[in-house]
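Written out below as structure tokens is the structure these notes cover.
Numbering starts at 1 and runs along the sequence shown. Only heavy atoms go into these numbers, but all of them, side chains included; no hydrogens, no water, no symmetry mates.
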Amino acid sequence: SIDNVPLLGRTTTFHTLLRRRAAAPPIVGPGAAALRPPRFRDKHTGMITTFRPIYGAYGGPVCSVLTLSSDSGEMRILLDCGWDASLPQTALRALEAEAKKANIVLLSYGDLAHIGALPYALRFLPPKAFVFSTFPTAKMGQMALYDALLSREDDGSIFTLAAVDAAVERIKPLKYEERLQLRFESKDPKETIVSPRPAGRLLGGAIWHIRYDVEEIVYASSFGWNKS
């Protein structure tokens, strides 16, 4: 059950903390250095959990980084890679810096707001990093990126058709409720488990259940569970 697992997302506790601490709306911009991301330390395990939006905490394309660290290692998870034509270059530079250090990328939806910058991020992602989404999210994301190119939303400076195809090929699709166990070739012996759960808002949309050692977290960018 995920009922008692901490919930991360723009409408939850972490987002509320960010809104209280931010002096100005932009996360990436002149005031970003003063923004202190929510950081929690487990008094029993010593695990430190940090959630930091790279951009999108106040609307628009979303991209965040979740860091789980302890004395024996660190796990860095990139949560969504959104883009649209209004996204400033400062945001892409911040994404570039985080992509170079990421172990996992989790994609929630197949729209530009969640997957649009994936081809750009893959230029910098380590070769052994994993990219996960559901199958519908991967295919819908591919179509959304094709459409952005054909409608001239991007002039080719952010991504090309070849980059879109390469990004989709890099995605490993998971089924709802599927639990994938990962181990990385590093000094960190801890096991990582990721599992997508139905989010409801769009076809293939996912809420991500993440387990790293004994820590369990649920990331929900957005969701809709209204009965039709």
Side-chain angles (χ1 to χ4, degrees), residues 1-15 40 42 45 47 49-51 53 56 62-68 70 73-82 102-118 121-122 125 128-145 167-185 188-228:
S1 171
I2 63 174
D3 293 341
N4 297 319
V5 179
L7 187 66
L8 309 188
R10 290 194 292 168
T11 60
T12 59
T13 304
F14 276 144
H15 183 52
F40 300 91
D42 189 300
T45 65
M47 185 77 69
T49 303
T50 306
F51 176 79
V62 295
C63 183
S64 304
V65 60
L66 173 67
T67 305
L68 299 162
S70 65
E74 181 179 84
M75 174 65 60
R76 300 181 72 89
I77 303 175
L78 204 58
L79 302 168
D80 292 317
C81 294
N103 303 107
I104 300 173
V105 181
L106 300 179
L107 303 170
S108 302
Y109 296 98
D111 55 4
L112 288 181
H114 293 85
I115 202 173
L118 181 62
L122 288 186
L125 201 67
K128 293 184 179 181
F130 295 94
V131 183
F132 297 113
S133 78
T134 63
F135 181 79
T137 289
K139 290 304 180 183
M140 289 177 64
Q142 185 177 29
M143 295 300 103
L145 289 164
V168 174
E169 289 178 3
R170 185 77 179 267
I171 297 173
K172 177 177 176 56
L174 298 179
K175 298 178 181 178
Y176 285 139
E177 312 296 336
E178 181 178 354
R179 290 165 54 87
L180 186 67
Q181 298 181 358
L182 305 170
R183 283 193 182 275
F184 295 87
E185 297 179 5
D188 187 4
K190 296 181 177 62
E191 184 178 67
T192 304
I193 299 175
V194 296
S195 178
R197 310 298 175 94
R201 190 173 65 83
L202 291 176
L203 179 65
I207 293 171
W208 286 98
H209 182 195
I210 304 160
R211 178 168 182 169
Y212 178 63
D213 194 27
V214 297
E215 295 295 325
E216 295 189 69
I217 294 170
V218 171
Y219 168 69
S221 174
S222 60
F223 54 88
W225 288 339
N226 292 333
K227 294 182 179 180
S228 57

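Pro136 and Gly204 get closest at one heavy-atom pair: CB-CA, 3.8 Å. The two residues Val62 and Gly56 come nearest to each other via the heavy atoms CG1-O, 3.7 Å. Residue Ala144 comes nearest to Leu112 through the heavy atom pair O-CD2, 3.9 Å, listed as atom of the first residue, atom of the second, then distance. Pairing each heavy atom of Leu145 with each of Gly116, the nearest pair is CD2-O, 3.5 Å. Residue Gly141 comes nearest to Ile115 through the heavy atom pair CA-CG2, 3.8 Å, listed as atom of the first residue, atom of the second, then distance. When all heavy atoms of Glu177 and Pro198 are compared, the closest pair comes out as OE2-CD, 3.6 Å.
A 4.5 Å side-chain heavy-atom check between Arg76 and Val65 finds at least one atom pair inside the cut-off. In this structure, Asn103 and Tyr212 have side chains that are not in contact, with every pair of non-hydrogen atoms separated by 4.5 Å or more. Proximity of Phe51 to Ser64: side-chain heavy atoms (C-beta onward) are separated by under 4.5 Å at one or more points. At least one side-chain heavy atom of Leu182 sits less than 4.5 Å from a side-chain heavy atom of Phe130. Using a 4.5 Å heavy-atom threshold, the side chains of Ile104 and Ile210 count as separate. Contact annotation: the side chain of Leu106 never approaches that of Tyr219 to less than 4.5 Å [non-hydrogen atoms, C-beta and beyond].
Each salt bridge (Lys or Arg N to Asp or Glu O under 4.0 Å) pair with one or both residues in residues 108-117, not counting sequence neighbours, appears once here: Asp111-Arg201.
Atoms CG and SG, from Leu78 and Cys63 in turn, are 4.5 Å apart once rounded to the nearest 0.5 Å. Atoms OG1 and CD, from Thr67 and Glu74 in turn, are 5.5 Å apart once rounded to the nearest 0.5 Å. In this structure, the separation between CD1 on Ile77 and OG1 on Thr192 is 6.5 Å, given to the nearest 0.5 Å.
In this view, Ser195 and Arg197 satisfy the side chain to side chain donor-acceptor pair (under 3.5 Å) rule, not counting sequence neighbours. With sequence neighbours left out, the side chain to side chain donor-acceptor pair (under 3.5 Å) criterion links Ser108 to Asp80. Residues meeting the side chain to side chain donor-acceptor pair (under 3.5 Å) test with Thr134, sequence neighbours left out: Thr137.
No more than 12 heavy-atom neighbours from other residues, nucleotides or ligands sit within 6.0 angstrom of CZ on Phe135.
Of the possible polar contacts, none joining the Trp208 side chain to the Ile217 backbone as a donor-acceptor pair under 3.5 Å is found.
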**Request:** Run the numbers on Leu125 and Val131 for side-chain contact (heavy atoms from CB on, under 4.5 Å), then give the verdict.
**Result:** CA-CA 10 Å; Leu125 201 67; Val131 183; 3.7 Å; yes
Donor-acceptor pairs under 3.5 Å, side chain of residues 167-174 to any protein atom, not counting sequence neighbours: which ones?
unit_1	atom_1	unit_2	atom_2	d
Arg170	NH2	Pro126	O	2.8
Arg170	NH2	Pro127	O	3.3
Arg170	NH2	Ala129	O	3.1

